[in-house]
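Step one of this worksheet: look at the structure below.
Heavy-atom basis, side chains included; hydrogens, waters and symmetry copies ignored. Counting convention: from 1, in listed order, for ligands and their atoms alike.
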Amino acid sequence: MEWRRIRKPPGECRDANLVDYEEGVREFSWDKARGQLDGLPGGGLNIAHEAVDRHIVAGHGEKHALRWIGRDDQIRDFTYSALGAAINGFANVLARRGVSKGDRVFSLLGRVPELYVVALGTLKNGSVFSPLFSAFGPEPIKARMTIGEARVLVTSEAFYRRKVEPWRRELATLEHVFLTECSGEPPEGTMDLSAAMADCLAAFETVRTAPEDLALLHFTSGTTGRPKGAVHVHDAVVSHHVTGRLALDLKPGDVFWCTADPGWVTGISYGVISPLSNQCALVVDQAEFEVERWYRTLEREQVTVWYTAPTAIRMLMKAGADIARRFDLSRLRLIASVGEPLNPEAVAWGAEAFGKPIHDNWWQTETGGIMISNFRAMDVKPGSMGRPLPGVAAGIVERLGDGAVREIETPMTKGELALRPGWPSMMRGYLHEEERYRKCFASGWYLTGDLAMRDDEGYFWFVGRGDDVIKSAGHLIGPFEVESALMEHPAVAEAGVIGVPEPTVGEVVKAFVALRNGYEPSESLRKELLGHARRRLGPAVAPKDIAFRQNLPKTRSGKIMRRLLKARELGLPEGDLSTLESEER
Ligand code: ATP
Ligand code: MG
């Protein structure tokens, strides 16, 4: 099936931040983008200042910055001034203990207001912030805090007792532990965060950080192997700000909901920094995904821009478009998605359920910000990630024998997605992995490790992760196209596709499929799906085998772990599973 291009009538999007893509690209420079920010009085650049303080200085302190919705629907609101005061409190807590520029501050917290205060307070103090996903067990926490040489940890008393106390003494760098939700006297060697902050309510002068000073340490999702620690600098805020404006169409006063957990890069770059720097109001929901709750939140909070992920969209699809239509979502101006390829089926479903398509965009922990995107005022080609952000040069390259790469100019040819370095939020290294970092660059390109194609209009099409791509009888097959074809069948909720070694053709395609509610696995359904895929894809690309699964293994950030499907299929070691989501869900 050919997916229809979704046209954006010019009149409809006249108020978009990026109305004319070509002109936007022509006019863009990173210096101009930097000029949209303040910088520190007297020189320097600090993310916390750009996100919060500059709005207060400009007289917008009473605007809404954050609405926190508790699991039990309790609400806490913060204006920019209130958030700023709390941030000062935490920055003072750090400074009074001698925690300073470059020191690593980790958080292990659920989606609670303290997390936002700790992240920005750390940056304001010139220290380096690293968020840990709260569902991690003791081992992944210890491994990341060891790599990151953590000096400070902020966590809840319950997490501390279960996940940190057992090994705390083994990490000599860890000096200060602050606890939230303390039930009484804090355990030995820790402090109650609220008590510590109560003593520290004074103003705080932002530590003078230079644009190239370290600010953030983010670990990758571990989809392809052991997670890497990517480091980012304060200059990244230039990318966060401008990509939020252009790709997410953020404007002052927007109500913005980023559903990514702040334990991952998306939840910090776009769940905290970008929307605040654009003077938006954040919505933060402490609770886990639940179909009706999410729609209710979109309706009640009058969310205008919603940034979510394919896994969530697929779960909403599973529940049906009728539920979406029961809610008044008329305030929604833009829906965007990131983290995994967004199947064309999902883009079209968005148009059916919300009256507007879902805008896919692409980036990775290493790039620190959105690199390729569908834009509000640009036609959407379902299944495409869109076009490079102004200021970002992307290409498709092939690796040559001598370690160099060459750009492939022919449209719709599969190759590695590469970017010309030079945007501010690019990682400055993998912590303690110099060699690995160096290998990401060749012939003036940053090599992303993903395969993609570019069409003759400059739209990019995701093919698959380098490691997931299947080579069968001379064809390079991306799991994404096979998964998308399977998803078009009404019985299929989710699909994960791998290559299984086979002596004559190299690899054959095998699919693992989770069914929608109301469908049961059976031999006849298996045959029907095989037939459907063969009709859609042709015999060379269609799966030779399909297996049903209740759930597919995913990372905690919601990505299908094809390498694990493959290891299990072949009886090979499962590798690093620290980011594997529990599979019962
Ligand atoms: P690791 O590098 O540890 O294996 P990871 O690559 O999943 O983990 P992230 O940096 O969180 O860690 O994810 C970035 C990757 O996610 C991209 O390189 C790409 O493979 C995938 N991705 C993100 N957005 C999209 C998208 N819109 N379409 C297709 N793939 C995407
Ligand atoms: Mg990666």
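Considering only non-hydrogen atoms, atom 25 (C) of ligand 1 lies nearest to Trp362 out of Trp362, Phe462, Phe219, Phe460. Of the options Gln364, Lys559, Glu340, the smallest heavy-atom separation from atom 16 (O) of ligand 1 is shown by Lys559. Of the candidates Ile370, Ile560, Asp450, Asn361, Asp450 brings a heavy atom nearest to atom 19 (C) of ligand 1.
Other residues, nucleotides and ligands contribute more than 12 heavy atoms inside 6.0 Å of the CZ atom of Arg5. The local environment of CD in Glu435 is crowded, with over 12 non-hydrogen atoms from other residues, nucleotides or ligands closer than 6.0 Å.
Remark: the backbone N or O of Leu248 is not paired with any side-chain donor or acceptor of His359 at under 3.5 angstrom.
Between the side chains of Thr243 and Tyr270, at least one donor N or O sits under 3.5 Å from an acceptor N or O. Counted by atom type alone, Asp576 and Ser578 present one or more donor-acceptor pairs between their side chains at under 3.5 Å.
For atom 7 (O) of ligand 1, the nearest non-hydrogen atom of the protein is Thr223 OG1, 2.4 Å. Counting only heavy atoms of the protein, atom 2 (O) of ligand 1 lies nearest to Lys228 NZ, 3.0 Å. Among all protein heavy atoms, the one lying closest to atom 15 (C) of ligand 1 is Arg465 NH2, 3.5 Å. Closest to atom 4 (O) of ligand 1, if we only count protein heavy atoms, is Thr224 OG1, 2.3 Å. Distance from atom 29 (C) of ligand 1 to its nearest protein heavy atom, with residue and atom name: Pro341 N, 3.2 Å. In terms of protein heavy-atom proximity, atom 22 (N) of ligand 1 is closest to Gly339 O, 3.3 Å. Remark: minimum distance from atom 12 (O) of ligand 1 to any protein heavy atom is reached at Ser221 N, 3.2 Å.
Looking at Lys414 and Leu451, their side chains never come closer than 4.5 Å, going by heavy atoms from C-beta outward. For the pair Trp362/Thr448, a side-chain contact is recorded, criterion being any heavy-atom separation below 4.5 Å from C-beta on. Annotation: side chain of Leu120 is not in contact with side chain of Phe129 (no heavy-atom distance under 4.5 Å).
Residue contacts with ligand 1, taken as heavy atom pairs separated by less than 4.0 Å, involve Trp363 solely via the backbone atoms N, CA, C and O.
With rounding to the nearest 0.5 angstrom, the CG atom of Asp20 is 11.5 Å from the CE atom of Met378.
Near Asp360, the atoms of ligand 1 lying under 4.0 angstrom from a non-hydrogen atom of the residue are 26 (C), 27 (N). Taking every heavy atom of Thr365 and a limit of under 4.0 angstrom, the matching atoms of ligand 1 come to 9 (P), 10 (O), 11 (O). The atoms of ligand 1 that sit less than 4.0 Å from any heavy atom of Val338 are 24 (N).
Residue contact check for ligand 1: Thr448 places no non-hydrogen atom closer than 4.0 Å to it.
Annotation: Gly222 places an N or O atom under 3.5 Å from an N or O atom of ligand 1; distance criterion only.
Remark: Asp285 does not engage Arg111 in a salt bridge, criterion side-chain N to carboxylate O under 4.0 Å.
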